[in-house]
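A short write-up of the structure that comes next.
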Amino acid sequence: MQRLFAIISLGLVLVLIAAVVAVLSVGEQNTLIVENHTGQAVIDGLVVVSGNALPLGTILTGETVVAAIEIDEADAFLLDAALEDGTRLGGEFGSVRPGMRGVRAVFKLLPEGEIRFEQ
């Protein structure tokens, strides 16, 4: 009887540990966020990181795009986009390394083509 109790107890402990690991790993997703505060639509947006291209499409003024990103190699975030009036937005921002988790890359696109990047 004691042996059965010990086996059941061990099983419950293992299930609890697996649940805790699963909950903690959810917060480790790598996320790209692009906020449009330019006063006009952003068209043909594209972000490339670690060899992965993330098309942003058209982002209307005031909209935010959120996407999961994969980090497979050391790299920087490359942004290429245009405003409705033809102003080009772009550049190289931040840096990542393989194995990084919980990366949160935020592009705040501001009037007159200014870009504020936070990582």
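We count residues from 1, following the sequence as given.
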If you look at every heavy atom in [X] and [Y], which pair is closest and at what distance?
X: Gly94; Y: Ala76; result: O-CB, 3.3 Å
X: Ala81; Y: Gly45; result: CB-CA, 3.7 Å
X: Glu63; Y: Thr58; result: OE1-O, 4.4 Å

Nearest 0.5 Å, please: how far is [atom2] in [Y] from [atom1] in [X]?
X: Asp85; Y: Thr38; atom1: CG; atom2: OG1; result: 8.5 Å
X: Ile71; Y: Asn30; atom1: CD1; atom2: CG; result: 4.0 Å
X: Ile33; Y: Glu118; atom1: CD1; atom2: CD; result: 9.5 Å
X: Ile115; Y: His37; atom1: CD1; atom2: NE2; result: 12.5 Å
X: Leu83; Y: Glu112; atom1: CG; atom2: CD; result: 10.5 Å

Is there a path of hydrophobic side-chain contacts, each under 4.5 Å between heavy atoms of I, L, V, M, F, W or Y residues, that connects Val34 with Val103?
-> yes
Cluster check Phe117, Leu89: I/L/V/M/F/W/Y, side chain < 4.5 angstrom | yes
Where the side chain of [X] meets the backbone of [Y], is there a donor-acceptor pair that is under 3.5 Å apart?
X: Asn36; Y: Leu60; answer: yes
X: Asp75; Y: Val49; answer: no
X: Ser50; Y: Asp72; answer: yes

Apply side chain to side chain contact (heavy atoms under 4.5 Å, CB included) to Ala53 and list each qualifying residue two or more places apart in sequence or on a separate chain.
-> Leu46, Val48
Can you check whether [X] reaches [Y] side chain to side chain, under 4.5 Å on heavy atoms?
X: Phe107; Y: Leu79; answer: yes
X: Gln29; Y: Ile69; answer: no
X: Thr61; Y: Gln40; answer: no
X: Val106; Y: Gln119; answer: no
X: Leu32; Y: Val47; answer: yes

What about the rings of Phe93 and Phe77, do their centers lie closer together than 6.0 Å?
-> no
Between Val42 and Leu56, is a side chain to side chain contact (heavy atoms under 4.5 Å, CB included) present by the stated rule, with each step listed?
-> CA-CA 9 Å; Val42 174; Leu56 304 173; over 6 Å; no
Test Val66 against Thr31 for side chain to side chain contact (heavy atoms under 4.5 Å, CB included), laying out the working first.
-> CA-CA 7 Å; Val66 179; Thr31 306; 3.7 Å; yes
